[in-house]
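Worksheet: the structure to be examined is printed underneath.
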Amino acid sequence: MSERTVHRSHDVLDPATEQLIETVQLADVDRTDQAIEQASVAQRGWAALAPADRARALRRFAEVVDAHLEELALLEVRGAGHTLSNARWEAGNVRDVLAYYSAAPERLFGRQIPVAEGVDITFKEPLGVVAVIVPWNFPMPIAGWGFAPALAAGNAVVLKPAELTPLTAVRLGELALDAGLPEHLLSVLPGQGSVVGERFVTHPLVRKICFTGSTAVGQRIMRGAADQVKRITLELGGKSANIVFEDADLELAAAAAPYAVFDNAGQDCCARSRILVQRSVFDRFMERFEVAVQGVRVMDPSSPDAEMGPLISAGQRERVRSFVEGAAEPVDVLFRGSAPQGAGYWYPPTVVRPRSVQDAVWREEVFGPVVAVLPFEDEADAVAMANDTAYGLSGSIWTRDVGRALRVSRGVQAGNLSVNSHSSVRYSTPFGGFKQSGLGRELGPDALDSFTEVKNVFIATSE
Ligand code: NAD
């Protein structure tokens, strides 16, 4: 939740070594107000540009990001402990999302609707200033999923990175200027949630909040946004299910399962942190899964071989531990992978079997490398167990039966499902949650709708 103590600066530590990387100055309310007002002025100029000029500016921004891919990736390795291969993908994702939405300014079509005695047309108008609030788990992609479509739709953006991970967002803000985007159009404001984030909610010139983070803070933002009927998009937590049926390719399902939950050290809202295995193949799956978990390479994230790095902070490691070592209900650890000793916020990949579906490790988002496994009886049981959660973000279904794959996909209440795969995110397809996992959709063609208002204009033609 939001912190109440006001800080002027934040020490960014390398999660793999606990060494200080940089002390970042934090914006206060006055600086936030100034950025919002400057953004409001910049937005009017930006929206008045020819669509082709806005498109070209976004393409240039994508090219500049591309030219700095390695620099951005290395910054994320040090500042957030992401593995090098993940961080390269993440920087590339910012480039790709910018390139994808650079096509939008020239394609923000309205409609012509048949009416009597005139012509009726609709326009997709920008909202004005859009605020993007980013969590620490995917600092670059989540920033880009907000700012790229927002800018493409003709808005200005004020962006607040998470306190723990401001470095790549600040650099992206500089690269936007290098690419020739107008000054103040994209302002990056490192700061506290309780200061900068809350001001985004209360400032009348901010017309929309695009928030990714915990469900608790999302609920608070939703309540605050009600005062000004402010638009919101919320991407919140998850407790997604990985469902393995007896007719699945068990080798493939077991080999892939660790990466569906331990990627980014489990700090992933789409993590499949509950594995549901049909009882008839439970033991066979678990034998293969154990081998796969022990094969996960947890090591210095700057190594090209690293598959998992450290957790983001000492506090996060304590939180993760509390679900296993300090749980109110005893948790049976079935097996573990390895992790380096010494400095750094390391925690090994851990597989547990809860004693009840009421256990915290089965119900709550751990946001760390801990996965809980339980057997199920049949298809109806699998769907019921998968849906027995307040969340609904993602999930996987492993089966060779096409009919079952479709039935279960339709039955699971979640926004992003994959069959015989764990992929959740493609920049060209919609992403978002059911139930308490969120509100609205990011990415793909749908995202632009949530950064524009539809305006209807009737023109009389009768004499
Ligand atoms: P968090 O909610 O504590 O913080 C997220 C952001 O909100 C940070 O920038 C923070 O400074 C800011 N914030 C905090 N209090 C605020 C307030 N009162 N007003 C405005 N802003 C405020 O979450 P976190 O710990 O940074 O991230 C972890 C959570 O994010 C997890 O629960 C995870 O599931 C969720 N998440 C969801 C998605 C998704 O797409 N659904 C993606 C990534 C992370």
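Counting starts at 1 for both ligands and their atoms, in listed order. Computed from a predicted structure; not experimentally measured.
Contact annotation for T212 and ligand 1: heavy atoms of both the backbone and the side chain come within less than 4.0 Å of the ligand. Neither the backbone nor the side chain of T215 comes within 4.0 Å of ligand 1, counting heavy atoms alone. Residue contacts with ligand 1 for V201 are absent, since no atom lies close enough (heavy atoms, distance under 4.0 Å). Only the side chain of E365 comes within 4.0 Å of ligand 1, judged by heavy-atom distances. Only the side chain of F211 comes within 4.0 Å of ligand 1, counting heavy atoms alone; its backbone N, CA, C and O stay farther away. Within the 4.0 Å heavy-atom criterion, neither part of F138 lies near ligand 1.
Ligand 1 places these atoms under 4.0 Å from at least one heavy atom of I142: 42 (C), 43 (C). Of all atoms in ligand 1, numbered sequentially from 1 with element shown, those under 4.0 Å from a heavy atom of E198 are 17 (C), 18 (N), 19 (N), 20 (C). Applying the 4.0 Å criterion to heavy atoms of R220 picks out, from ligand 1, the atoms 18 (N). Taking a cut-off of under 4.0 Å to the non-hydrogen atoms of G197, the atoms of ligand 1 that pass are 19 (N), 20 (C), 21 (N). The ligand atoms of ligand 1 that sit less than 4.0 angstrom from a heavy atom of L393 are 41 (N). The ligand atoms of ligand 1 that sit less than 4.0 angstrom from a heavy atom of G237 are 34 (O). Within ligand 1, the atoms closer than 4.0 Å to a non-hydrogen atom of V134 are 6 (C), 8 (C), 9 (O), numbered from 1 in the order shown.
Side-chain atoms of Q25 and S9 include no donor-acceptor pair closer than 3.5 Å. Y100 and R95 form no side-chain donor-acceptor contact under 3.5 Å, judged by distance and modelled atom types alone.
For F61 and F147, the ring centers are positioned less than 6.0 Å apart. In this structure, the ring of H184 has its center no less than 6.0 angstrom from the ring center of W46. Ring to ring, W145 and F431 are close: their centroids are under 6.0 angstrom apart.
F431 counts as a contact of ligand 1, since one of its heavy atoms falls under 4.0 Å from the ligand.
Of the candidates A162, G213, A169, it is G213 that places a heavy atom closest to atom 29 (C) of ligand 1. Of the listed residues (R199, K160, E235, E163), the one carrying the non-hydrogen atom nearest atom 40 (O) of ligand 1 is E235.
With sequence neighbours excluded, no residue satisfies ring pair (Phe, Tyr, Trp, His ring centres under 6.0 Å) with Y101. For F262, there are no ring pair (Phe, Tyr, Trp, His ring centres under 6.0 Å) partners, not counting sequence neighbours.
Any N or O atom pair closer than 3.5 Å counts here, and N137 shares no such pair with ligand 1. For ligand 1, the polar-atom distance check against S437 finds no nitrogen or oxygen pair separated by under 3.5 Å.
Using a 4.0 Å cut-off between charged side-chain N and carboxylate O, E329 and R355 make no salt bridge. Using a cutoff of 4.0 Å between basic side-chain nitrogens and carboxylate oxygens, D449 and K124 are scored as salt-bridged.
In this structure a side-chain-to-backbone donor-acceptor pair under 3.5 Å is missing from R426 to L443.
We find the OG1-NZ distance between T452 and K208 to be 9.0 Å, quoted to the nearest 0.5 Å.
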